[in-house]
Student: 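First the structure, then my questions, so here it is.
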Amino acid sequence: MKAIIATSPGDASVLSVVDVEVPEPGPGDIVIDVAAAGVNRADVAQRQGAYPPPAGAPAWLGLEASGRVSWAGPGSGHSVGDEVCALLSGGGYAEQVVVDGRLALPVPAGVALADAAALMETVCTVWSNVFQLAGLQPGENLLVHGGSSGIGTTAIQMGVEFGARVAVTASTLEKLEACRRLGAEVLINYRTEDFVQRVKDDLGGADVILDMVGGSYLARNVHALRTNGRIANIASMDPSPGELDFRYLMRKRGTIRSTSLRARPLAERVAIVTDVREHVWPRVADGSIRPIVHTTFPLAEATEAHRLMESSDHIGKILLIP
Ligand SMILES: NC(=O)c1ccc[n+]([C@@H]2O[C@H](COP(=O)([O-])OP(=O)(O)OC[C@H]3O[C@@H](n4cnc5c(N)ncnc54)[C@H](OP(=O)(O)O)[C@@H]3O)[C@@H](O)[C@H]2O)c1
């Protein structure tokens with residue numbers, strides 16, 4: 001089959017179409033004929049050589065995909081012909097992918113098969129961080145950095161759907177307007193405004209912050225918290241080391257968690273997917289939460305897809321179509 005690999009660590013031009021063998025499925029696995037694969041910021045880091053795939057994962061990129069099941073192992077929980085979307089450790093940028101059946105969910109009613117490729121990485125990341133680890137409650141305030149990102153557009157919708165008031169940061173008016181349409185109430189241009197002051201002025205502080213910036217935002221995030229506030233960090237878009245005076249965290253009785261979904265043990269990822277099916281999937285099926293797809297590219301144009309992601313001109317998700 002055709003797949004996309006980075007021929008060597010480098011810029012987007014190192015992405016190439018290659019012929020590879022479909023990995024051998026084990027019992028409990030399924031093989032999916034890929035309809036679409038989601039592009040994630042982590043794929044850029046993997047392409048650059050900064051985020052190597054875990055042991056056992058394919059060498060080709062791709063953390064999520066949707067498609068039809070073409071082979072189902074006994075006990076996989078799926079049947080040939082099922083339309084599914086799956087959370088992957090790698091290998092989504094390909095014509096077929098093999099995955100443990102417990103990491104795949106049925107495509108929710110009303111969602112197009114290709115668009116479902118935009119769901120698993122974002123919904124599972126937001127659910128596990130904002131809801132499971134940070135425990136967002138109805139009536140609380142959620143600050144989402146990078147509101148227009150694939151993760152951000154999902155976090156806004158999930159926050160609003162579960163009864164939170166949502167503030168976002170983004171770099172342009174157009175992006176902030178897109179966040180407003182998704183339900184965000186406090187719109188902060190981080191290039192021209194101080195997000196700490198705005199969150200305090202408009203909401204009295206944040207109970208939960210979904211942070212993908214890290215570095216220079218560490219102390220500022222703590223200042224933006226309300227008492228008992230929780231920070232869920234998922235990335236370091238600002239790779240500089242952060243500095244924090246712990247007295248401020250203590251005064252807020254604050255908590256900081258930081259996790260990577262792909263690095264979590266299989267049992268934890270299965271538990272997250274199971275929980276997502278129970279709590280989030282009904283709200284995707286009724287249209288309350290939907291995949292926000294900016295654009296699609298043919299699989300062979302993965303280089304262009306990565307260039308778009310690195311330009312940060314997109315709002316929501318970018319998909320590859322084999
Ligand atoms: N830990 C995990 O398990 C996990 C899972 C999935 C994703 N992630 C991470 O989550 C982030 C988003 O992923 P994605 O695939 O959705 O990527 P994406 O769509 O490319 O989004 C990246 C976002 O970062 C924003 N950003 C950069 N600097 C910022 C700043 N100083 N303040 C506020 N926003 C800033 C950009 O907003 P502007 O364009 O407006 O600057 C953009 O919206 C990535 O860093 C990714 O690695 C982590």
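What's counted below: heavy atoms across the whole structure, side chains too, no hydrogens, waters or symmetry copies. Read the numbers this way: they start at 1 and go in the same order the structure lists the ligands and their atoms. Please read these numbers as outputs of a predicted model, since none were measured by experiment.
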Student: Who's the nearest protein heavy-atom neighbour of atom 34 (N) of ligand 1, and how far?
Tutor: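 Of the protein heavy atoms, G146 N, 3.4 Å lies nearest.
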Student: Which atoms from ligand 1 have a heavy atom of N40 less than 4.0 Å away?
Tutor: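 Atoms satisfying the 4.0 Å criterion: 15 (O).
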Student: Is there at least one pair of N or O atoms, one from M212 and one from ligand 1, spaced under 3.5 Å apart?
Tutor: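 No; every N/O pair is 3.5 Å or more apart.
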Student: What part of T259 sits under 4.0 Å from ligand 1 if we count only heavy atoms: the side chain, the backbone, both or neither?
Tutor: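 Backbone only; the side chain of T259 stays clear of ligand 1.
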Student: Below 3.5 angstrom, do we get any N/O pair linking S312 and ligand 1?
Tutor: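 Yes: some nitrogen or oxygen of S312 is under 3.5 Å from one in ligand 1.
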Student: Suppose we measure from atom 48 (C) of ligand 1 to each protein heavy atom; which comes out shortest, and what is that distance?
Tutor: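 Ranked first by proximity to atom 48 (C) of ligand 1 is I234 O, 3.1 Å.
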Student: Check R47 with E310, please: is the shortest side-chain N to carboxylate O separation under 4.0 Å?
Tutor: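 Yes.
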Student: Would S260 count as a contact of ligand 1 if the rule is a heavy atom under 4.0 Å away?
Tutor: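 The answer is yes, since S260 has a heavy atom less than 4.0 Å from ligand 1.
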Student: Can you tell which part of K317 has a heavy atom less than 4.0 Å from ligand 1: side chain, backbone, both or neither?
Tutor: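 Answer for K317: neither.
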Student: Does H314, backbone or side chain, put an N or O under 3.5 Å from an N or O of ligand 1?
Tutor: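 Yes - when backbone and side-chain N and O of H314 are compared with those of ligand 1, one distance drops under 3.5 Å.
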Student: Surrounding CG of L173 (heavy atoms of other residues, nucleotides or ligands, distance under 6.0 Å), is the total greater than 12?
Tutor: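 12 or below, so no.
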Student: Heavy-atom contacts with T169 under 4.0 Å: which atoms of ligand 1 show up? List them by number with element.
Tutor: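 Contacts of ligand 1 toward T169, numbered from 1: 33 (C).
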Student: When the ring planes of W127 and H279 are compared, do they come out parallel, tilted or perpendicular, using 30° and 60° as the limits?
Tutor: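 Plane angle under 30°, so parallel.
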Student: Does the side chain of N40 come under 3.5 Å of the side chain of E121 through a donor N or O and an acceptor N or O?
Tutor: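 Side chains of N40 and E121: no pair found under 3.5 Å.
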Student: Given side chains that start at C-beta, do those of R269 and P265 come closer than 4.5 Å, heavy atoms only?
Tutor: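 With C-beta onward as the side chain, the pair stays apart.
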Student: Using a 4.0 Å cut-off to any heavy atom of S148, which atoms of ligand 1 qualify?
Tutor: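 By the 4.0 Å cutoff, the relevant atoms are 43 (O).
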Student: Any nitrogen or oxygen of V213, side chain or backbone, less than 3.5 Å from one on ligand 1?
Tutor: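 Checking ligand 1 against V213, no N or O pair falls under 3.5 Å apart.
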Student: Any side-chain heavy atom of S128 sitting closer than 4.5 Å to one from V276?
Tutor: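 Heavy-atom side-chain distance check fails, nothing below 4.5 Å.
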Student: Please identify which atoms of ligand 1 are closer than 4.0 Å to at least one heavy atom of L261.
Tutor: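 Counting from 1, the qualifying ligand atoms are 2 (C), 3 (O).
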Student: Return the option from H145, R41, E121 holding the heavy atom at the smallest distance from atom 17 (O) of ligand 1.
Tutor: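 Looking at heavy atoms only, R41 sits closest to atom 17 (O) of ligand 1.
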Student: With atoms numbered from 1 as shown, which atoms in ligand 1 lie under 4.0 angstrom from a non-hydrogen atom of M237?
Tutor: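 So the answer, numbered in order with elements, is 22 (C), 24 (O), 27 (C), 45 (O).
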Student: Which residue and atom name correspond to the protein heavy atom nearest atom 21 (O) of ligand 1, and how close is it?
Tutor: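 Its nearest protein heavy-atom neighbour is S149 CB, 2.9 Å.
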Student: Using 30° and 60° as the class boundaries, would you call the ring planes of Y217 and F195 parallel, tilted or perpendicular?
Tutor: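 Judged by the thresholds at 30° and 60°, the geometry between Y217 and F195 is tilted.
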Student: Report whether V213 and I231 are members of the same hydrophobic cluster (ILVMFWY, side-chain heavy atoms less than 4.5 Å apart, transitive linking).
Tutor: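 Per the 4.5 Å side-chain linkage, V213 and I231 are co-clustered.
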Student: To the nearest 0.5 Å, how far apart are NE2 in H145 and CD1 in I188?
Tutor: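 CD1 of I188 is found 8.0 Å from NE2 of H145.
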Student: Mind checking whether Y190 has an N or O less than 3.5 Å away from an N or O of ligand 1?
Tutor: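 Yes, at least one N or O pair falls under 3.5 Å.
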Student: Output the list of atoms in ligand 1 that are nearer than 4.0 Å to some heavy atom of A170, sorted by atom number.
Tutor: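 Going through ligand 1 atom by atom, the ones under 4.0 Å from A170 are 40 (O).
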Student: In a check of side chain to side chain contact (heavy atoms under 4.5 Å, CB included) between L143 and each of V168, I209, L203, D211, which one passes?
Tutor: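 For L143, the side chain to side chain contact (heavy atoms under 4.5 Å, CB included) check succeeds only for I209.
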Student: To the nearest 0.1 Å, how far is atom 39 (O) of ligand 1 from its closest protein heavy atom, and which atom is that?
Tutor: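 In this structure, atom 39 (O) of ligand 1 has K175 NZ, 2.5 Å as its nearest protein heavy atom.
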Student: If you count the atoms of ligand 1 from 1 in the order shown, which ones are under 4.0 Å from a heavy atom of G150?
Tutor: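 Per the distance check, 16 (O), 19 (O).
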Student: Any heavy atom of Y217 closer to ligand 1 than 4.0 angstrom?
Tutor: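 Checking ligand 1 against Y217, which is what was asked, there is a heavy-atom contact under 4.0 Å.
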Student: Using distance alone, decide if ligand 1 has a nitrogen or oxygen within less than 3.5 Å of any nitrogen or oxygen in T125.
Tutor: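 Looking only at distances, the answer is no, because the N/O contact criterion of under 3.5 Å is not met.
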Student: Between G316 and ligand 1, is there a nitrogen or oxygen pair with a distance under 3.5 Å?
Tutor: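 N/O-N/O distance under 3.5 Å: no.
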Student: Can you tell me how far the CG atom of D194 sits from the CG atom of N189, to the nearest 0.5 Å?
Tutor: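 If we round to the nearest 0.5 Å, D194:CG and N189:CG are 12.5 Å apart.
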Student: Are K2 and E95 within salt-bridge range, i.e. N to O under 4.0 Å?
Tutor: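 No, this pair does not count.
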Student: Under 3.5 Å, N or O to N or O, is A235 touching ligand 1 that way?
Tutor: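 No: no nitrogen or oxygen of A235 is under 3.5 Å from one in ligand 1.
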Student: Numbering the atoms of ligand 1 from 1, which are under 4.0 Å from a heavy atom of S171?
Tutor: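 This gives 38 (P), 39 (O), 40 (O), 41 (O) as the contact atoms.
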Student: For residues I32 and L87: do they belong to one hydrophobic cluster (side chain heavy atoms under 4.5 Å, members Ile, Leu, Val, Met, Phe, Trp, Tyr)?
Tutor: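 Yes, I32 and L87 fall within the same hydrophobic cluster.
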Student: Can you establish whether the number of heavy atoms outside E268 located under 6.0 Å from its atom CD is more than 12?
Tutor: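 Counting other residues, nucleotides and ligands, CD of E268 exceeds 12 neighbours.
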Student: What about M237 and M309, same hydrophobic cluster or not, with Ile/Leu/Val/Met/Phe/Trp/Tyr joined at side-chain heavy-atom distances under 4.5 Å?
Tutor: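 Different clusters.
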